[in-house]
Amino acid sequence: MSYRIDKHPGKHSMELEPQVASPQQYSTPEPPGDPFREFVERYQRTLYALAFDLTGNHHDAEDLSQEVFIKAHRNHRGFRGEAQTSTWLYRIAVNTYLNRQRKKALRFRQLWGDFGDHHASSEAVPKPDVIAEADGIQHHIAQALETLSPKERTAFVLRHYQDLTLADVADAMGVAEGTMKSLLYRATRKLRKALAFYRNDLGLR
Amino acid sequence: MKPSEAHRTLLADRLFADLSNEEQDRLEAEILASEDTAETLRALQATLRLMAERQRPEPPPDVFDGYYDRLAARLEREAAPPRRKDRAGREPSRARRLALRTSAAALLMVVGVGIGWLLFGEQTASDAPVAEQPVATSPREEPAPATPEEPVIQAASLDVRTDRYLNRSKVLLLGLVNLEPGQTDSVALGLPRKQAVARELVDESAALRGDLADADQAVLRDLVEDLEVILLQIANLEANQDLPAIELVQRGVDRRAILLKINLAEMQGSAAAPLSADRPTL
């Protein structure tokens, strides 16, 4: 059986609108002026969608997306135009998200000390009683994504829900393509395991 | 049997690399040469097909209304000079300062009434209590609120939410940390109910954290974050008894003195504001 994973442009990702505002086109750092507003309004939906894919809930998605814009605002002078604005924003978003998750992991370690790096969220494998209450396949998918580590989730989301090429994903995450493929492979294996409880119902093998 | 390292590389290339159709066909032919690897490929492809069915839920309708205004306000807050901190190194929020002033005024009134009762409360009915004299005069004016009402209502709302959250978390944690070692009676454990409460509290914590951060209540925000970690662990306990995991929760609670922090937060809250009449229970 031959199956190709075709990309579904537009199914999950927002198509990036033509770039009409780059960070260098506004120069007023404090307070933000109209060019920054235009920049935000141009990218807010795209960034929000990415933030939601990474965090899994609307509150954290808004918080993360706003933090990315704040960092972009602070660092716009460092943007030399060597990459597309969207790529630059993706990099900031990925770094911000991963830093937050590292801090969260540190808090986990502080809580459990010698008992190890215990990521409750990364081990949130759906239990039968949770499945019984689940609201269908979308809930199962969301739960499965929760089993991934932050890097695995980032890689998977960028590749499959933001439709980036492998090279773009590797660039956004600052890793080599080979490392990216390994991350994606591990992520997919974890998702398969997480979805095992309802594999039969969903026709998975 | 798990695929070998070489086959894992093939699988990763086949699934994720940006290849031409010819390259994909070549890889697939190599993969199909091994039944185990082919089986793994089919399973992973099925998984990816399922994950592709994900539909990103629409954001709440008001997310993008005022998005820029909220962002600009946040930028201004972050650019503002740091507030003067109190002796404990905290930055008391405006709501807390107001609450402290109000409670100090209420305390003085209570002390005054108490002194009046002690001094004049023993007098007989025939005496004209000094306290009654002001009744014949014009009524005193009520003190004007120090600040507009709306911020007080909003502050009380966050305080009430925080108080409810902490109280429910405390009751839940006490139910777990006070379990006798070796207790295996699942009915006595009441785990499903505890897990349901833990999940509700986890759902509530994201919004509460954000609101506490907006209100510059860093200590409470950190406490809610710590609680979220533990509540997630409770929510993921096995449906049947999961004693090692329960012990882990108990140790985590002890190690971080979570219950002590909740008590301290409640004491500070009760000193600043009236106790909420609506005390939630599990």
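A quick note: this is a predicted structure, and the numbers were derived from the prediction, not measured. In what follows, every heavy atom counts, from backbone to side chain, and hydrogens, waters and symmetry copies are set aside.
In this structure, A/His59 has no side-chain hydrogen bond (donor to acceptor under 3.5 Å, both in side chains) partners at least two apart in sequence or on a different chain.
At least one side-chain heavy atom of B/Glu78 sits under 4.5 Å from a side-chain heavy atom of A/Arg74. Between A/Phe52 and B/Val63, every side-chain heavy-atom pair lies at or beyond the 4.5 Å cut-off. Taking the side chain as every heavy atom from C-beta outward, B/Tyr67 and A/Glu62 approach each other to under 4.5 Å. Within the 4.5 Å cutoff, the side chain of B/Met51 has no heavy atoms near those of the A/His160 side chain. Residues B/Pro57 and A/Gln138 are not in side-chain contact: their nearest non-hydrogen atoms beyond the backbone lie 4.5 Å or more apart. With contacts defined as side-chain heavy-atom distances shorter than 4.5 Å, the pair A/Tyr185/B/Thr9 does not qualify. When side chains are defined from C-beta on, A/Leu191 does not count as touching B/Leu48, because their heavy atoms never get closer than 4.5 Å.
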Output, in order, the C-alpha distance, side-chain angles, deciding distance and verdict of side chain to side chain contact (heavy atoms under 4.5 Å, CB included) for A/Arg189 and B/Leu11. CA-CA 11 Å; A/Arg189 284 179 61 93; B/Leu11 287 168; over 6 Å; no
Quick one: do B/Arg74 and A/Asp63 satisfy salt bridge (charged side-chain N to carboxylate O under 4.0 Å, His left out)? Show the steps, please. CA-CA 10 Å; B/Arg74 192 168 159 176; A/Asp63 189 42; 2.9 Å; yes
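Test A/Leu184, A/Leu183, A/Val169 against B/Phe16 for side chain to side chain contact (heavy atoms under 4.5 Å, CB included) and you get one pass: A/Leu184.
There is no contact between B/Ala38 and chain A, counting heavy-atom distances below 4.5 Å. With a 4.5 angstrom heavy-atom cutoff, A/Glu177 does not touch chain B via any of its atoms. Both the backbone and the side chain of A/Ser65 have a heavy atom closer than 4.5 Å to some heavy atom of chain B. For a residue to count as touching a neighbouring chain, one of its non-hydrogen atoms must lie under 4.5 Å from one of that chain's; by this rule B/Asp214 does not touch chain A.
We find that B/Glu225 and A/Lys103 are not joined by a salt bridge, their nearest charged nitrogen and carboxylate oxygen being 4.0 Å or further apart.
Summarising the geometry, atom CG belonging to A/Leu195 is positioned 6.0 Å from atom OG1 belonging to B/Thr47; distances are rounded to the nearest 0.5 Å. Distance NZ/A/Lys181 to CG/B/Asp13: 3.5 Å, rounded to 0.5 Å. Within the model, atoms CG of B/Leu50 and CZ of A/Arg192 stand 12.5 Å from one another, a figure rounded to the nearest 0.5 Å.
Here B/Ala207 is the residue among B/Ala207, B/Gly210, B/Ala213 with the most heavy-atom pairs under 4.5 Å with chain A.
Counting only residues at least two apart or on different chains, the side-chain hydrogen bond (donor to acceptor under 3.5 Å, both in side chains) pairs with a member in residues 200-210 of chain B are B/Arg168-B/Glu200, B/Ser205-B/Glu228, B/Arg209-B/Glu228.
Remark: B/Arg54 is positioned above the aromatic ring of A/Tyr161, its terminal NZ or CZ atom under 6.0 angstrom from the ring centre and at most 45 degrees off the axis. A cation-pi arrangement is present between A/Arg45 and B/Phe64 under the rule of less than 6.0 angstrom and at most 45 degrees off the ring axis.
Shown here for A/Asp60 and B/Ala206, the closest heavy-atom pair between the two residues is OD1-CB, 4.4 Å. Considering all non-hydrogen atoms of both residues, B/Pro59 and A/His58 come closest at CA-CE1, 3.3 Å.
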